[in-house]
Trainee: 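Please see the structure below; I have some questions.
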Amino acid sequence: MLIILQSGAPDDVLQRVVERIEQLGMQAHISKGEFRTIVGAIGDENPQLPDILRSIEGVENVVPIMKPYKLASRDFHHENSTVTVGSATFGGGAPVIIAGPCAVEDRQMVRHIAKTVKANGAHMLRGGAFKPRTNPYSFQGLGEEGLKILQECREEYGLPVVTEITDPRNVELVCRYVDMLQVGARNMSNFVLLNEIGQAKKPVLLKRGPSSTVKDWLLSAEYILSGGNKKVVLCERGSRGFEDEMRYTLDVGAIALAKVDSHLPIIVDPSHAAGRRDLVGPLALAGLAAGADGIIVEVHTCPDKAKCDGPQALTEEMFAKLMQQINHLKEAMAVMVS
Ligand code: PEP
Ligand code: MN
């Protein structure tokens with residue numbers, strides 16, 4: 001249920017609405033827009049609720065939220081949300097570029113990659129310390145040692161860091177070292193993990209599961225938002241299709257749809273969608289053209305020797321070229337909007 005306050009309603013109206021919602025055993029979530037304040041009443045709905053709330057002086061209207069997700073929906077928050085991670089702002093207009101290796105393999109390698117991606121204009125560093133692998137015998141990541149390496153690079157190069165969290169028991173540990181938690185595609189429906197992250201203070205990058213609808217994805221975001229963590233950025237990384245020359249099928253339509261149905265920022269991961277480096281650039285550009293607020297790409301100094309996802313890693317030269325293309329695209333898109 002959405003309670004829309006009259007424009008310019010004083011703070012005590014807001015307070016009265018929140019108190020009433022809580023007395024009725026529901027949670028109140030406030031969304032302050034440029035012109036209006038909206039309060040979302042989330043929880044078991046009492047049939048009397050609309051009339052009770054409508055009778056409060058200063059309330060303009062009470063309307064149901066038609067979507068199954070509430071706090072993630074654009075009905076709840078009309079303007080695009082922004083999420084700030086260190087010096088990077090998702091949804092702030094300029095695309096945020098996240099680059100780095102799939103996995104943190106060793107200190108030298110990550111430092112070198114961090115230095116080059118930063119020199120080419122990346123805003124954030126990625127790298128997995130805990131790797132969710134399909135094969136239990138594949139490299140599973142360096143764990144806490146990997147987190148320490150990421151933290152060192154963050155300090156040395158001034159790049160905020162995002163890393164994947166695979167286990168709800170590690171939330172506190174991972175939060176100690178990095179700036180943003182990544183929920184991987186395989187864990188999009190790990191509701192225990194989502195609940196735990198909802199209690200955390202760190203921004204979250206929520207990937208879409210390979211067989212999940214946009215609605216499922218936004219419901220997963222809702223788990224995190226309803227836990228109190230409002231800093232959620234969505235990430236489209238391809239879904240399971242029938243094409244077998246690519247690892248997954250990048251769903252640019254999902255980017256456009258999520259932008260319409262939700263206020264949350266969204267970025268695109270062309271690396272896991274393509275599974276091969278020659279397609280990463282075109283897919284990154286397609287994602288940005290469809291409205292993505294940034295990209296996350298895998299880059300490696302020596303992709304042939306990568307312990308994880310080598311075939312899809314961009315070389316440093318390819319990354320530099322992609323950055324130039326993104327700058328051209330930004331100019332072309334600025335012309336389109338103006
Ligand atoms: C990753 O980012 O390295 C990763 C495992 O991604 P995904 O969860 O999209 O497969
Ligand atoms: Mn990977």
Side-chain angles (χ1 to χ4, degrees), residues 71-72 81-91 96-104 110 114 122-133 140-155 159-209 212 217-237 264-269 271-272 293-298 308:
L71 305 175
S81 288
T82 58
V83 172
T84 298
V85 184
S87 47
T89 299
F90 295 85
V96 174
I97 312 296
I98 310 175
C102 176
V104 175
V110 188
H123 306 107
M124 285 182 65
L125 177 68
R126 64 147 290 146
F130 295 95
K131 294 305 302 173
R133 304 306 297 276
Q140 304 282 317
L142 297 181
E144 188 168 0
E145 183 52 31
L147 296 175
K148 288 185 180 157
I149 295 174
L150 287 169
Q151 190 188 44
E152 282 171 30
C153 292
R154 165 183 185 266
E155 274 151 29
L159 285 171
V161 164
V162 57
T163 201
E164 180 162 355
I165 173 142
T166 52
D167 186 330
R169 292 166 299 186
N170 286 343
V171 172
E172 196 268 327
L173 171 79
V174 178
C175 284
R176 241 187 284 147
Y177 292 101
V178 303
D179 305 280
M180 187 179 212
L181 307 174
Q182 174 178 321
V183 177
R186 293 163 186 77
N187 273 309
M188 189 207 86
S189 303
N190 180 341
F191 303 119
V192 178
L193 180 65
L194 300 178
N195 276 332
E196 208 58 46
I197 287 174
Q199 310 291 316
K201 302 274 176 287
K202 294 277 175 187
V204 183
L205 185 63
L206 177 64
K207 291 210 178 183
R208 177 177 170 210
S212 304
W217 188 22
L218 293 176
L219 281 166
S220 287
E222 189 79 11
Y223 267 90
I224 302 171
L225 297 168
S226 61
N229 188 342
K230 307 288 185 227
K231 294 174 254 171
V232 177
V233 176
L234 303 167
C235 177
E236 161 59 27
R237 47 79 75 205
L264 298 172
I266 171 166
I267 66 167
V268 63
D269 172 349
S271 306
H272 291 86
D293 299 297
I295 64 168
I296 178 166
V297 285
E298 292 185 343
C308 191

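Along the sequence shown, residues are numbered consecutively beginning with 1. Keep in mind that this is a model prediction, so the values were computed, not measured.
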Trainee: Sub-3.5 Å donor-acceptor pair from the side chain of Arg237 to the main-chain atoms of Val268, do we have one?
Mentor: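 No, because the side chain of Arg237 does not come within donor-acceptor range (under 3.5 Å) of the backbone of Val268.
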
Trainee: Look up atom SG in Cys175 and atom CG in Leu147, then write down how far apart they are to the nearest 0.5 Å.
Mentor: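 Output value for this atom pair is 10.5 Å.
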
Trainee: Hey, does the side chain of Gln199 reach the backbone of Gly228 with a donor-acceptor pair shorter than 3.5 angstrom?
Mentor: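 Side chain of Gln199 to backbone of Gly228: no pair is present.
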
Trainee: What pair of heavy atoms forms the shortest contact from Ile296 to Cys235, and how long is it?
Mentor: CG2-SG, 3.9 Å

Trainee: Could you measure the distance from the CG atom of Leu193 to the OH atom of Tyr223? Nearest 0.5 Å is fine.
Mentor: 12.0 Å

Trainee: With the side chain counted from C-beta on, respond yes when His272 and Glu298 share a heavy-atom pair under 4.5 Å apart, and no when they do not.
Mentor: yes

Trainee: Identify which one of Ile97, Ile98, Ile295, Val96 satisfies the side-chain contact (heavy atoms from CB on, under 4.5 Å) criterion when paired with Ile267.
Mentor: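 Testing each of Ile97, Ile98, Ile295, Val96 against Ile267, the sole residue satisfying side-chain contact (heavy atoms from CB on, under 4.5 Å) is Ile98.
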
Trainee: Would you say that Cys153 contacts Val161 through its side chain, given a criterion of any heavy-atom pair below 4.5 Å between the two side chains?
Mentor: no

Trainee: Give a yes or no on whether the backbone of Leu181 and the side-chain of Lys202 come within a donor-acceptor separation of less than 3.5 Å.
Mentor: no

Trainee: Only one of Asn187, Ile197, Leu194 clears side-chain contact (heavy atoms from CB on, under 4.5 Å) with Leu206; which?
Mentor: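 So the option named by the test is Leu194.
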
Trainee: If you look at every heavy atom in Met188 and Ser220, which pair is closest and at what distance?
Mentor: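 In this case the closest contact between Met188 and Ser220 is O-OG, 2.8 Å.
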
Trainee: Give the minimum heavy-atom separation between Glu222 and Ala72, together with the two atoms involved.
Mentor: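 That would be OE1-N, 2.9 Å.
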
Trainee: Please confirm whether the backbone N or O of Cys102 pairs with a side-chain atom of Arg126, one donor and one acceptor, at under 3.5 Å?
Mentor: yes

Trainee: Just verifying a value: how many Å separate Leu142 CG and Lys131 NZ, rounded to the nearest 0.5 Å?
Mentor: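 Interatomic distance, Leu142 CG to Lys131 NZ, rounded to 0.5 Å: 11.5 Å.
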
Trainee: Could you tell me whether the side chain of Phe90 reaches within less than 4.5 Å of the side chain of Ser81, counting heavy atoms only?
Mentor: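 SC-SC contact between Ser81 and Phe90 ruled out.
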
Trainee: Judged by atom type as modelled, is there a donor-acceptor pair below 3.5 Å linking the side chain of Lys207 to the main-chain atoms of Val183?
Mentor: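 Side chain of Lys207 to backbone of Val183, a donor-acceptor pair under 3.5 Å: no, none is there.
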
Trainee: Heavy-atom distance under 4.5 Å between the side chains of Arg154 and Leu150, does that happen here?
Mentor: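 Counting from C-beta outward, Arg154 and Leu150 never come under 4.5 Å.
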
Trainee: Keeping the roles fixed (side chain from Asn229, backbone from Ala200), state whether a donor-acceptor pair exists under 3.5 Å.
Mentor: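 Yes.
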
Trainee: Locate the shortest heavy-atom distance separating Val162 from Met124; write the atom from each residue and the value.
Mentor: CB-CE, 4.0 Å

Trainee: Would you say that Trp217 contacts Glu236 through its side chain, given a criterion of any heavy-atom pair below 4.5 Å between the two side chains?
Mentor: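 Touching, per the 4.5 Å side-chain cut-off.
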
Trainee: Check the pair Val85, His123 against side-chain contact (heavy atoms from CB on, under 4.5 Å), reporting the backbone distance first and the verdict last.
Mentor: CA-CA 10 Å; Val85 184; His123 306 107; over 6 Å; no

Trainee: Determine, for Lys148 against Glu152, whether the closest basic-nitrogen to carboxylate-oxygen distance falls under 4.0 angstrom.
Mentor: no

Trainee: Among Leu234, Ile224, Val233, Val83, whose side-chain contact (heavy atoms from CB on, under 4.5 Å) with Val204 holds?
Mentor: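 When Leu234, Ile224, Val233, Val83 are each tested with Val204, the side-chain contact (heavy atoms from CB on, under 4.5 Å) holds only for Ile224.
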
Trainee: Please check if the side chain of Lys231 supplies one atom and the backbone of Lys201 the other of a donor-acceptor pair under 3.5 Å.
Mentor: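 Yes: the side chain of Lys231 pairs with the backbone of Lys201.
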
Trainee: Is any side-chain heavy atom of Glu144 closer than 4.5 Å to one of Arg176?
Mentor: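 Of all side-chain heavy-atom pairs linking Glu144 with Arg176, at least one is under 4.5 Å.
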
Trainee: Quick check against the 3.5 Å criterion: does Thr163 have a side-chain atom that pairs as donor or acceptor with the backbone of Gly127?
Mentor: yes

Trainee: Look at atom CZ of Arg169 and say whether more than 12 heavy atoms of other residues, nucleotides or ligands are closer to it than 6.0 Å.
Mentor: no

Trainee: Donor-acceptor pair, distance only, cut-off 3.5 Å: does the side chain of Thr166 make one with the backbone of Phe130?
Mentor: no

Trainee: If you compare all heavy atoms of Leu264 against all heavy atoms of Ala221, which two are closest, and at what distance to 0.1 Å?
Mentor: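 The answer is CD1-CB, 3.9 Å.
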
Trainee: Considering non-hydrogen atoms only, spot the tightest contact between Arg208 and Ala185 and give its length.
Mentor: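 For Arg208 and Ala185, the tightest heavy-atom pair comes out as O-CB, 3.6 Å.
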
Trainee: Between Gln182 (side chain) and Leu205 (backbone), is there a donor-acceptor pair under 3.5 Å?
Mentor: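 No, the answer is negative, given that no donor and acceptor are paired below the 3.5 Å cut-off.
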
